[in-house]
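Heads up, the thing below is written out as structure tokens.
Counting begins at 1 with the first residue of the sequence.
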Amino acid sequence: MHPSVLRARIRNGTHTTHTSGVSQDYVQANLVVLPKEYAFDFLLFTMRNPKSCPIIEVLEDGRFESNYAKGSDIRTDIPLYHVYENGRLTDKKQRIDDCWKKDFVSFLIGCSFTFESQLIKGGIPLRHIEENKNVAMYKTSIPTEKAGVFEGPTVVSMRPVPDSLVQKAADITSLFPEMHGSPLHIGDPREIGIGDVAKPDFGDFVGIKEGETPMFWACGVTPQAAALQAGIPYMITHSPGHMFVTDWKNEEYLKSN
């Protein structure tokens, strides 16, 4: 499905679920929307934590059309949004044009869903896509580097990979540095502070079978954890797993790096 068709379906309420495995050959992005007074601190936070928060695009205050998706509207083209007030999740909305303000600055951040199509093409099975589930995501004990009011734990996404394909998966994802790149951790989840891997903080657990190794990639949900810890007055993000899908092809991205 071409992303423009998908975005239209999201905008009219036809597609309301996660975007993992959807429009697989196109770059997907996380979203963070902030009042302008917090934009510089957040930009600095992303620069200090590029593995978790690789910036694809910044939309200046009031803008809502991405340069990577002609005719798009980031206020309506994501299946589900989270609204945070004073560090608390206060609302989940299917569109945010009704609460949009002219001083909002929007950040599109690279997403690991982008490299999933390359993993599949490389013969690496992804069970959450096979089972039509959201990827499992966890808060870790790995701290982010603070910038202004923003700080908090690094969030990771986990995919179980056959032992024989672990190195191949690491090599493929390393080609996508702006989409979190190579794994942050491979193996025992307890080493990065995940007490019970069967209970993700976000998304769905799909099991880890014998002969598989859990692989963990930095995740663009990290800013949401930072917002919760910082307690900033107002922030809007995508709901974990519900991404903004651009018209930027993965192949074009790979050629540009």
Side-chain angles (χ1 to χ4, degrees), residues 1-7 15 17-31 50-57 66-69 78-79 108-138 154-187 202-204 206-209 211-222 238 240-257:
M1 184 189 307
H2 190 273
S4 61
V5 176
L6 174 63
R7 291 193 301 271
H15 182 104
T17 61
H18 63 80
T19 57
S20 177
V22 180
S23 299
Q24 281 189 337
D25 291 327
Y26 294 86
V27 170
Q28 298 198 26
N30 304 274
L31 174 71
K51 192 82 169 172
S52 300
C53 310
I55 290 290
I56 292 176
E57 184 180 11
S66 168
N67 289 326
Y68 292 107
I78 288 174
L108 290 176
I109 297 170
C111 173
S112 60
F113 285 0
T114 300
F115 61 55
E116 288 184 336
S117 64
Q118 297 302 118
L119 289 174
I120 291 170
K121 289 175 182 177
I124 296 166
L126 297 176
R127 191 170 303 122
H128 66 284
I129 291 180
E130 293 170 354
E131 297 182 4
N132 193 29
K133 292 181 178 180
N134 198 355
V135 72
M137 292 162 273
Y138 307 83
T154 298
V155 177
V156 295
S157 61
M158 187 279 290
R159 296 161 182 81
V161 174
D163 296 344
S164 61
L165 296 174
V166 166
Q167 186 59 55
K168 187 175 184 180
D171 291 344
I172 288 173
T173 57
S174 69
L175 301 174
F176 292 82
E178 290 176 327
M179 312 298 163
H180 305 301
S182 56
L184 198 63
H185 179 70
I186 299 172
F202 315 96
D204 306 308
V206 292
I208 302 170
K209 298 179 180 180
E212 291 181 337
T213 299
M215 299 183 69
F216 300 86
W217 284 267
C219 177
V221 177
T222 299
H238 69 292
H242 299 69
M243 303 298 172
F244 179 76
V245 183
T246 73
D247 295 337
W248 192 11
K249 289 186 176 182
N250 291 347
E251 296 298 330
E252 293 173 349
Y253 165 78
L254 287 170
K255 289 177 183 177
S256 69
N257 281 278

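- Within the 4.5 Å cutoff, the side chain of Asp204 has no heavy atoms near those of the His128 side chain.
- The shortest side-chain heavy-atom distance between Gln24 and Ile120 falls under the 4.5 Å cut-off.
- Across all their heavy atoms, Ser52 and Thr154 have their closest contact at OG-CG2, 3.4 Å.
- Ser23 and Leu6 get closest at one heavy-atom pair: OG-CD2, 3.7 Å.
- Side chain of Thr222 to main chain of Val155: a donor-acceptor pair is present (N/O by atom type, distance under 3.5 Å, no hydrogens or angles).
- Expressed to the nearest 0.5 Å, how far SG of Cys111 lies from CD of Glu178 amounts to 13.5 Å.
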Would Gln118 and Glu251 count as a side chain to side chain contact (heavy atoms under 4.5 Å, CB included) if you check the C-alpha gap in whole Å, the side-chain angles of each, and the deciding distance to 0.1 Å?
CA-CA 10 Å; Gln118 297 302 118; Glu251 296 298 330; 3.6 Å; yes
Can you check side chain to side chain contact (heavy atoms under 4.5 Å, CB included) on Val221 and His238, steps first, answer last?
CA-CA 9 Å; Val221 177; His238 69 292; 4.2 Å; yes
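- The backbone N or O of Cys219 sits nowhere less than 3.5 Å from a side-chain atom of Ser157 that would complete a donor-acceptor pair.
- A pairwise comparison of heavy atoms in Ala218 and Lys51 identifies CB-O, 3.3 Å as the closest pair.
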After noting the C-alpha distance and the side-chain angles of Val135 and Ser112, does the key distance pass the side chain to side chain contact (heavy atoms under 4.5 Å, CB included) rule?
CA-CA 10 Å; Val135 72; Ser112 60; 5.5 Å; no
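- Taking 4.5 Å as the limit, some side-chain heavy atom of Pro125 sits within range of a side-chain heavy atom of Leu165.
- Rounding to the nearest 0.5 angstrom, the gap separating the OG atom in Ser20 from the NE2 atom in His242 is 10.5 Å.
- Scanning all heavy atoms of the two residues, the minimum distance from Tyr26 to Thr246 falls at CB-O, 3.5 Å.
- The two atoms that bring Gly122 and Lys168 nearest to each other are O-NZ, 2.6 Å, heavy atoms only.
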Worked check of side chain to side chain contact (heavy atoms under 4.5 Å, CB included) between Leu108 and Asn30:
CA-CA 6 Å; Leu108 290 176; Asn30 304 274; over 6 Å; no
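- Of the possible polar contacts, none joining the Asn134 side chain to the Phe202 backbone as a donor-acceptor pair under 3.5 Å is found.
- Checking Phe176, Tyr138, Phe113, Phe115 one by one against Trp217, the ring-ring contact (aromatic ring centres under 6.0 Å, His included) holds for a single residue, Phe115.
- With contacts defined as side-chain heavy-atom distances shorter than 4.5 Å, the pair Pro79/His18 does not qualify.
- Rounding to the nearest 0.5 Å places CD of Glu57 at 12.0 Å from CD1 of Ile109.
- How far CG of Leu184 is from CZ of Phe216: 10.0 Å, rounded to the nearest 0.5 Å.
- Lys121 NZ: more than 12 foreign heavy atoms inside a 6.0 Å radius.
- Residue Pro160 comes nearest to Gly207 through the heavy atom pair CG-O, 3.4 Å, listed as atom of the first residue, atom of the second, then distance.
- At distances below 3.5 Å, at least one donor-acceptor pair connects side-chain atoms of Asp163 with backbone N or O atoms of Thr213.
- Checking side-chain atoms of Thr114 against main-chain N and O of Gln28 turns up a donor-acceptor pair under 3.5 Å.
- The line from CD1 of Ile208 to CZ of Arg127 is 8.5 Å long, rounded to the nearest 0.5 Å.
- Distance check, rounded to the nearest 0.5 Å: CG of Leu126 to CG of Leu119 gives 5.5 Å.
- Side-chain contact between His15 and Val22 is present, with heavy atoms from C-beta onward closer than 4.5 Å.
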